[in-house]
Amino acid sequence: MIDINLVRNNPKLVKWSQKKRGEDEGIVDKVLEYDRLWRETIRKINDLRRERNKKSAEAARLKKEGRLEDLEKIKREMQELNARIKDLEAKEREYKEARDSLLRAIPNIVHESVPDGLSEEENVPIRFWGHFKVWRGHLEAFKEQLQGHAVDYEVIEWKPKSHVDVLEDLDIGDTRRAAKVAGSRFYYLKNELALLDLAIAMFALEELVKKGYTPVIPPYMLRREAMEGVTDLSAFEEMLYKIEDEDLYLIATAEHSIGAMFMNEILEEKDLPLKFVGFSPCFRKEAGAHGKDTKGIFRVHQFHKVEQFIFSHPDESWDLHEEITRNAEELLQKLGIPYRVVNICAGELGAVASKKYDIEAWMPAQGKFRELISASNCTDYQARRLGIRYKSREGEFKYVHTLNSTALATTRTAVAIIENYQREDGTVEIPKVLRKYLGGIKEIVPPKRKDLRSSFLSSER
RNA sequence: GCCGGGGUAGCCUAGCUGGCUAGGGCGCCGGCCUGCUAAGCCGGUGGGGGAAACCCCGCGCGGGUUCAAAUCCCGCCCCCGGCGCCA
């Protein structure tokens, strides 16, 4: 939620932000109108309450003095007053609710460095990294996606297999049987891929712990109150699974539970920034994604993700936004996955983010850059809804800024590895930095050649 | 899940046989005093409305009773202890 005072004092800025996002500007004037009505009403109520409080004190005095007749008179007057107050209070609630539900519908104010634009095509690639393998048939499309940036690439003559086929050929995943028991967009990961999933997570966790982030395994379910603080309302319909007959929702990312951790608390200024790296499963309905990535494990209802989350002092959140983005890039660099960083345009930002970078990995089989990582600065938007403040030196309570970024999401990273580390014979090399988490396994091979057991029994670890 | 105890301001606590300024302590901020520090003393330290004077709201959350609720009643959440169950 944005600050009502911002709407009051700087409606132009809010309208500018709405316009930039391609959202309704008129909502700002509606908020102001209900706010005016609310203030008018609360003022009247306060006047009446003052009168009531005076009479109440008088009633206490009369009772003490035993003037029962006068007391009866006061009682009648107060009953009358109460009726008037009750009427006004109903109005006051109505105006306030109208104002606040409109206010809650206003997404975060976009940062000035966010590109204009309403669709994906208007996102701005700001840097590329890595050695790109490009199948000849994708070359033209690849060059177009570079948007003028110069990169290091090689043309390959054989066409890499889609990860969907690799899952089957190398016996490392079964989505057909998962669909039988749970529905589409579920999976059984098997063999090297099951191990790889956890290896990716351990790698990301370890790298961020080295940077001083506090590792956390958070709750996988949240009560509605907490969930409302960290997401916008559309998430409840489109994204979140609810536990039947319980006030509990499955998290769609560790961002949710880590963000809610300090709900309604006051932090010490000297403790900021608080940096966490969380590991959790993520559950997502993927409603409205029909027809997209229907096969394989790229877009699924359940996956593991290592997530960076920071509670920051407002003065340093923009620096920290760059930091978490660089951290995520560093992970892909160590994994040897080529990528580009994209500054997401205003119209494509989520409601809570003021600015967002996506990191998109190059997928040689698909011939496209695909989103692996998303890094957002939510400024005080989440914090205001969650009531997370800090006490400044001057003794004032102010809202913290919250930031979140994927470190690595296991299944999508696995897809990127399968596509980028695929050899012409269809086997897949395991990136060197991950091997220590896989008992030294160096490659994913067809069923006939598999021998996971001896890898773990050998002394190579 | 059952029984008992509890939830008061940034933190700790008093008030809980309904009424009169929610009192005290700690911490923090400002001031006085002081060669400096400490101590001491004074003031401030939740949210909202108002140009201001000032006023209203706020005792875990939500209802109710009453002229009047931190206080009485009902429901819910959380914490502590005991019992039960359990990887």
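Just so we're on the same page: letters track the sequence lines, and every chain starts at 1.
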Original post:
When we call it a touch if two heavy atoms are under 4.0 Å apart, what does A:R384 touch: a base, just sugar-phosphate, or nothing?
Top reply: nothing
Original post:
Looking across every strand, which nucleic acid part, if any, lies under 4.0 Å from A:A59 by heavy atom: base, sugar-phosphate, or nothing?
Top reply: base
Original post:
Which part of the nucleic acid, if any, lies within contact of A:D47, taking any heavy atom under 4.0 Å across all strands shown: a base, the sugar-phosphate backbone alone, or nothing?
Top reply: nothing
Original post:
Which part of the nucleic acid, if any, lies within reach of A:I74 when heavy atoms closer than 4.0 Å are counted: base, sugar-phosphate only, or nothing?
Top reply: nothing
**OP:** Using the C1' atom as the reference point in each nucleotide, state the distance between B:rC32 and B:rG23 in Å, no decimals.
**Re:** 26 Å
Original post:
Expressed in whole Å, how much space separates the P atoms belonging to B:rG1 and B:rG64?
Top reply: 27 Å
**OP:** Would you indicate what A:R223 reaches in the nucleic acid, counting non-hydrogen atoms under 4.0 angstrom: base, sugar-phosphate, or nothing?
**Re:** sugar-phosphate
Original post:
B:rU37 pairs with which nucleotide, Watson-Crick or G-U wobble, both distances below 3.5 Å?
Top reply: none
**OP:** Run the numbers on A:R93 and A:E97 for salt bridge (Lys or Arg N to Asp or Glu O under 4.0 Å), then give the verdict.
**Re:** CA-CA 6 Å; A:R93 265 198 303 275; A:E97 262 163 39; 5.4 Å; no
Original post:
Out of B:rG49, B:rG10, B:rC56, which nucleotide sits closest to the side chain of A:K391?
Top reply: B:rG10
Original post:
The side chain of A:R49 lies closest to which of these nucleotides: B:rG49, B:rG47, B:rC56?
Top reply: B:rC56
Original post:
Looking only at side-chain N and O atoms, does A:R50 come under 4.0 Å of OP1 or OP2 in B:rG49?
Top reply: no
Original post:
To the nearest 0.5 Å, what is the distance between CG (A:L408) and CG (A:L205)?
Top reply: 10.5 Å
Original post:
What integer number of Å spans the P atoms of B:rC85 and B:rU17?
Top reply: 39 Å
Original post:
Just to confirm, is there a sub-4.0 Å distance from OP1 or OP2 of B:rA68 to any side-chain nitrogen or oxygen of A:N53?
Top reply: no
Original post:
Which nucleotide sits closest to the side chain of A:S56: B:rA68, B:rG46, B:rG27?
Top reply: B:rA68
Subject >> Separation between the P atoms of B:rC80 and B:rG58, rounded to whole Å >> reply: 29 Å
Subject >> Pairwise P distance for B:rA9 and B:rA53, with rounding to whole Å >> reply: 28 Å
**OP:** State the pairing partner of B:rC2; accept Watson-Crick or G-U wobble contacts with both distances under 3.5 Å, and report none otherwise.
**Re:** B:rG82
**OP:** Using a heavy-atom cut-off of under 4.0 Å over every strand shown, decide if A:D247 touches base, sugar-phosphate, or nothing.
**Re:** nothing
Original post:
Given the P atoms of B:rG27 and B:rC20, what is the spacing between them in whole Å?
Top reply: 31 Å
**OP:** Provide the distance between the two C1' atoms, one in B:rU65 and one in B:rG75, to the nearest whole Å.
**Re:** 15 Å
**OP:** Select one nucleotide: of B:rG10, B:rG49, B:rC67, the one nearest the side-chain heavy atoms of A:F397.
**Re:** B:rG10
Original post:
Is the phosphate of B:rG50, meaning OP1 or OP2, less than 4.0 Å from a side-chain N or O of A:R39?
Top reply: yes
Original post:
Taking CD from A:E268 and C1' from B:rG27, how many angstroms apart are they, rounded to a whole number?
Top reply: 9 Å
Original post:
Is A:K96 salt-bridged to A:E89, cutoff N-O under 4.0 Å?
Top reply: no
**OP:** Using atom types as modelled and distance alone, determine if a side-chain donor or acceptor of A:T231 lies under 3.5 Å from a backbone N or O of A:A235.
**Re:** no
Original post:
Taking the inter-plane angle between the rings of A:F236 and A:Y249 on a 0 to 90° scale, is it parallel (under 30°), tilted (30 to 60°) or perpendicular (over 60°)?
Top reply: perpendicular
Original post:
Between B:rC67, B:rG49, B:rG19, which one does the side chain of A:K75 approach most closely?
Top reply: B:rC67
Original post:
Paired with B:rU45 by Watson-Crick or G-U wobble geometry, both distances under 3.5 Å: which nucleotide is it?
Top reply: B:rG27
Original post:
Does A:N82 have a side-chain nitrogen or oxygen under 4.0 Å from the phosphate oxygens OP1 or OP2 of B:rA68?
Top reply: yes
Subject >> Same-atom distance (P) from B:rG15 to B:rC72, integer angstrom >> reply: 13 Å
Subject >> Plane angle bin for A:Y34 and A:Y95 - parallel if under 30°, tilted between 30 and 60°, otherwise perpendicular >> reply: tilted
